[in-house]
**Student:** 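Sharing a structure, written as structure tokens. Questions coming.
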Amino acid sequence: QIELVESGGGSVQAGGSLRLACAVSAYTWSRYCMAWFRQAPGKEREGVASIDSDGRSSYGISVKGRFTISKDNAKNTLYLQMNFLKPEDTAMYYCAADSCSAWALRAFAYNYWGQGTQVTVSP
């Protein structure tokens, strides 16, 4: 069983930055693929970024070049550094974990989810 707890959300003006964190309570979590997703009201859950057990990352088209996913195995924490935020980045952000697959940015590939943290970007 894996428990995921996100933090770091908040309100920021366009152009600003936020760093999200996801605390992972799993002894062998470094073996898993981890990802960040987001969901805005009325929209489908969207894959933002993923990182595999070897540290290789992938990004959604809308955030590539602005967001960076990373993890600290010693601290059991996954991060999402978000720069140059836009109003369209406003959403609930979730971290997710599961065994690695070819579907790194697809929600159906993950069985373990956090409760989410809200990010609001004002114009």
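Side chains included, hydrogens not; waters and symmetry mates left out as well; all remaining heavy atoms used.
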**Student:** Treating N76 as the side-chain partner and S25 as the backbone partner, does any N or O pair qualify as donor plus acceptor under 3.5 Å?
**Tutor:**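 Not a single qualifying donor-acceptor pair exists.
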
**Student:** To the closest 0.5 Å, what do you measure between CZ (R31) and OG (S99)?
**Tutor:**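 Interatomic distance, R31 CZ to S99 OG, rounded to 0.5 Å: 11.0 Å.
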
**Student:** Could you give the distance from OG (S50) to CG (D98), rounded to the nearest 0.5 Å?
**Tutor:**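 S50 atom OG to D98 atom CG measures 12.5 Å (nearest 0.5 Å).
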
**Student:** Contact between V24 and M34 at the side-chain level, heavy atoms closer than 4.5 Å - yes or no?
**Tutor:**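 A side-chain contact under 4.5 Å exists here.
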
**Student:** Considering non-hydrogen atoms only, spot the tightest contact between K71 and Y32 and give its length.
**Tutor:**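 Heavy atoms of K71 and Y32 come nearest at NZ-O, 4.3 Å.
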
**Student:** Report yes or no: does D54 contribute a side-chain atom to a donor-acceptor pair with the main-chain N or O of R56 at less than 3.5 Å?
**Tutor:**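 No; judged by distance alone, with no hydrogens or angles, the pair does not exist.
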
**Student:** Check A107 against R45 and note the closest heavy-atom contact, atom names and distance.
**Tutor:**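 For A107 versus R45, the nearest heavy atoms are CB-CD, 4.5 Å.
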
**Student:** Please determine whether the number of non-hydrogen atoms from other residues, nucleotides or ligands lying under 6.0 Å from atom CD of E3 exceeds 12.
**Tutor:**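 Not more than 12 within 6.0 Å, no.
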
**Student:** What pair of heavy atoms forms the shortest contact from R66 to F84, and how long is it?
**Tutor:**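 Heavy-atom minimum between the residues: NH1-O, 2.9 Å.
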
**Student:** List the atom of M92, the atom of G116, and the distance in Å for their closest heavy-atom pair.
**Tutor:**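 Answer, listing the atom of M92 first, then G116: SD-C, 3.7 Å.
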
**Student:** With clusters built from Ile, Leu, Val, Met, Phe, Trp and Tyr whose side-chain heavy atoms come within less than 4.5 Å, directly or transitively, what are the remaining members of the cluster of F108, listed by chain and number?
**Tutor:**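 Other cluster members: W103.
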
**Student:** Identify the heavy atoms of S58 and A104 that sit nearest to each other, and give their distance.
**Tutor:**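 Closest approach of S58 to A104, heavy atoms only: OG-CB, 4.2 Å.
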
**Student:** Do I2 and L80 belong to the same hydrophobic cluster, where Ile, Leu, Val, Met, Phe, Trp and Tyr are linked whenever their side-chain heavy atoms lie under 4.5 Å apart, directly or via other members?
**Tutor:**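 Yes, I2 connects to L80 through the hydrophobic network.
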
**Student:** Hydrophobic cluster membership, with links at side-chain heavy-atom distances under 4.5 Å among I/L/V/M/F/W/Y: are V121 and Y59 in one?
**Tutor:**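 Yes, because V121 and Y59 connect within a single hydrophobic cluster, where side-chain heavy atoms sit under 4.5 Å apart.
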
**Student:** To check you understand the geometry: which heavy-atom pair defines the closest contact between Y94 and E6, and what is its length?
**Tutor:**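 Between these two residues, the closest heavy atoms are CA-OE2, 3.3 Å.
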
**Student:** Is it the case that the side chains of E46 and S62 hold a donor-acceptor pair, with the cut-off being a distance below 3.5 Å and no angle test?
**Tutor:**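 S62 vs E46: donor-acceptor pair found between side chains.
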
**Student:** In the single-linkage hydrophobic clustering (I, L, V, M, F, W, Y; side-chain heavy atoms under 4.5 Å), do V12 and L20 co-cluster?
**Tutor:**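 Hydrophobic grouping puts V12 with L20.
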
**Student:** For Q13, does the CD atom have more than 12 heavy-atom neighbours from other residues, nucleotides or ligands under 6.0 Å away?
**Tutor:**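 At most 12 heavy atoms, drawn from other residues, nucleotides or ligands, come within 6.0 Å of this atom.
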
**Student:** Which of parallel (below 30°), tilted (30 to 60°) and perpendicular (above 60°) describes F67 and Y93?
**Tutor:**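 Judged by the thresholds at 30° and 60°, the geometry between F67 and Y93 is tilted.
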
**Student:** Pick one: which of L4, N73, D72, I69 meets side chain to side chain contact (heavy atoms under 4.5 Å, CB included) with L78?
**Tutor:**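 Going through L4, N73, D72, I69 one by one, the side chain to side chain contact (heavy atoms under 4.5 Å, CB included) with L78 is satisfied by I69 alone.
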
**Student:** Could you see if I51 belongs to whatever hydrophobic cluster contains W36? Use Ile, Leu, Val, Met, Phe, Trp, Tyr and a side-chain cutoff under 4.5 Å.
**Tutor:**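 Same hydrophobic cluster.
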
**Student:** So do the side chains of R38 and D89 get within less than 4.5 Å of each other, counting heavy atoms only?
**Tutor:**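 Result yes, sub-4.5 Å side-chain heavy-atom pair found.
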
**Student:** As an exercise, state the distance from OH of Y79 to SG of C95, rounded to the nearest 0.5 Å.
**Tutor:**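 If we round to the nearest 0.5 Å, Y79:OH and C95:SG are 12.0 Å apart.
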
